[in-house]
Amino acid sequence: MAAEVSPFAKVGGLADVAASLPKALTKRGHDVRVIMPKYKLINDHNYNLVTLLDHVSIPFNGRDETASLKTTMMATEVPIYFIQCPKYFDRREVYINPENPETFAFFGRAALAVPKALAWQPDIIHCNDWHTALAPYWLKSLYYEDDLFYKNTASVLTIHNLSYQGIFEQKFATAIGLADRFLHAAIPERNGAFDFLTQGILY
């Protein structure tokens, strides 16, 4: 999981790692798939994107959201999936200021819904930076308890830039449907704000 992957959408070094590491792991014999948002800046024709699934149901904040899934290949060997949902990803920039926490909270839920829709069961979900850090939280707080599909799936979080942690006001925790076990960093100066990265580290 990555918010940016080169050459489709690139802001910094995360995009380079998210593109090169899967290729290296594939050469070692692993079945690796990459998933990212389908931003408006990504041109389907330029990258030969094709629709893989017209309808993916994604549970989010007490309701079911609908997305579609597009795909192409990286270096002819690594499948990359694009979650298309204009409600959250209809933007011409990877990151905006101020960021809406719903955008990447939804990405986390969608990235967990896609393998189930494809009946492809991953051993490990590799999350990158704060944008994907809610996935380990949801994996352990929701799926481990109720869903055998992810019962044996582990997660790993790579922090590329600790300066960005996905810090938001407390009110947004309820707005994106987070449960009581959502944990807060013990940092007094944050005044009760919560951040995505803490969840990725703790879970």
Side-chain angles (χ1 to χ4, degrees), residues 1-6 8-15 17-19 34-44 49 53 55-71 80-115 117 125-139 141-142 155 157-179 182-185 190 193-201 203:
M1 298 174 56
E4 54 179 285
V5 181
S6 182
F8 311 100
K10 174 177 165 57
V11 176
L14 167 59
V17 175
V34 179
I35 192 164
M36 68 175 296
K38 170 64 168 67
Y39 306 110
K40 184 183 288 187
L41 63 87
I42 300 173
N43 184 285
D44 292 27
L49 268 61
L53 296 173
H55 179 98
V56 180
S57 181
I58 299 162
F60 184 61
N61 197 12
R63 61 187 183 271
D64 283 338
E65 299 280 10
T66 300
S68 59
L69 190 69
K70 297 195 172 187
T71 187
I80 179 167
Y81 302 135
F82 299 86
I83 301 171
Q84 180 164 298
C85 186
K87 180 177 179 180
Y88 297 103
F89 305 134
D90 190 17
R91 50 207 274 180
R92 295 194 177 278
E93 297 178 352
V94 175
Y95 310 118
I96 57 177
N97 187 24
E99 189 65 74
N100 184 339
E102 282 195 331
T103 296
F104 292 117
F106 175 78
F107 176 44
R109 290 304 299 267
L112 292 174
V114 165
I125 295 177
H126 184 188
C127 307
N128 291 275
D129 274 344
W130 75 263
H131 331 100
T132 62
L134 287 189
Y137 160 74
W138 273 315
L139 192 65
S141 64
L142 297 179
S155 63
L157 171 66
T158 297
I159 301 172
H160 299 266
N161 191 338
L162 193 58
S163 297
Y164 298 97
Q165 301 175 18
I167 304 171
F168 299 99
E169 294 179 36
Q170 173 61 37
K171 64 182 180 180
F172 287 114
T174 302
I176 58 181
L178 296 170
F182 193 79
L183 302 175
H184 298 269
R190 289 198 181 168
F194 76 94
D195 70 275
F196 283 41
L197 195 60
T198 292
Q199 315 317 307
I201 294 170
Y203 284 99

Item to check | Side-chain heavy atoms of Y39 within contact of V94, under 4.5 Å | outcome: yes
Checklist outcome for this item: dist S141:OG -> Q199:CD (nearest 0.5 Å) comes out at 9.5 Å
Checklist entry - Could you state the interatomic distance from CG (D195) to CD1 (I201), rounded to the nearest 0.5 Å? => result 7.5 Å
Next on the checklist: Rounded to the nearest 0.5 Å, what separates atom CG in L134 from atom CZ in F104?
Outcome noted: 11.5 Å
Next on the checklist: So, taking the atom named CZ in R109 and the one named OH in Y88, what distance separates them when rounded to the nearest 0.5 Å?
Outcome noted: 11.0 Å
Checklist entry - Taking only residues at least two apart or on different chains, which pairs with a member in residues 98-107 satisfy side-chain hydrogen bond (donor to acceptor under 3.5 Å, both in side chains)? => result R91-E99, R91-T103
Checklist entry - I83 versus F89: any side-chain heavy-atom pair under 4.5 Å? => result yes
Checklist entry - What are the two closest heavy atoms between L112 and A135, and how far apart are they? => result CD1-O, 4.0 Å
Checklist entry - Can you find a pair of side-chain heavy atoms, one from L53 and one from V114, that are under 4.5 Å apart? => result no
Checklist outcome for this item: In terms of heavy-atom contacts, E4 and A9 come closest through CB-O, 3.2 Å
Item to check | Close side-chain approach of V56 to I58, heavy-atom, < 4.5 Å | outcome: yes
Checklist entry - How far apart are the closest heavy atoms of P37 and I42, and which atoms are they? => result O-CD1, 3.8 Å
Item to check | Nearest-0.5 Å distance that lies between atom CZ in F82 and atom OG1 in T71 | outcome: 7.5 Å
Item to check | Atom of L14, atom of D129 and distance for their closest heavy-atom approach | outcome: CD2-OD2, 4.0 Å
Next on the checklist: Using side-chain heavy atoms (C-beta onward) and a distance below 4.5 Å, is L162 in contact with L197?
Outcome noted: yes
Item to check | Sub-6.0 Å ring centroid separation between F168 and F196 | outcome: yes
Checklist entry - With side chains defined as the heavy atoms from C-beta onward, is the minimum distance between Q165 and T198 less than 4.5 Å? => result no
Checklist entry - Does OH belonging to Y95 count more than 12 external heavy atoms closer than 6.0 Å? => result yes
Checklist outcome for this item: Contacts of Q84 meeting side chain to side chain donor-acceptor pair (under 3.5 Å) (sequence neighbours excluded), chain-then-number -> none
Checklist entry - Hey, does H55 have a side-chain heavy atom less than 4.5 Å from the side chain of S57? => result yes
Checklist entry - If every non-hydrogen atom of F106 is compared with every non-hydrogen atom of E65, which pair is closest and at what distance? => result CE1-CB, 3.6 Å
Item to check | F107 side chain reached by M1 side chain, heavy atoms, under 4.5 Å | outcome: yes
Item to check | For F8 against M36, the heavy-atom pair lying closest together | outcome: CB-SD, 4.2 Å
Item to check | CA sep, side-chain torsions, deciding dist, call: F194, F172, side-chain contact (heavy atoms from CB on, under 4.5 Å) | outcome: CA-CA 9 Å; F194 76 94; F172 287 114; 3.9 Å; yes
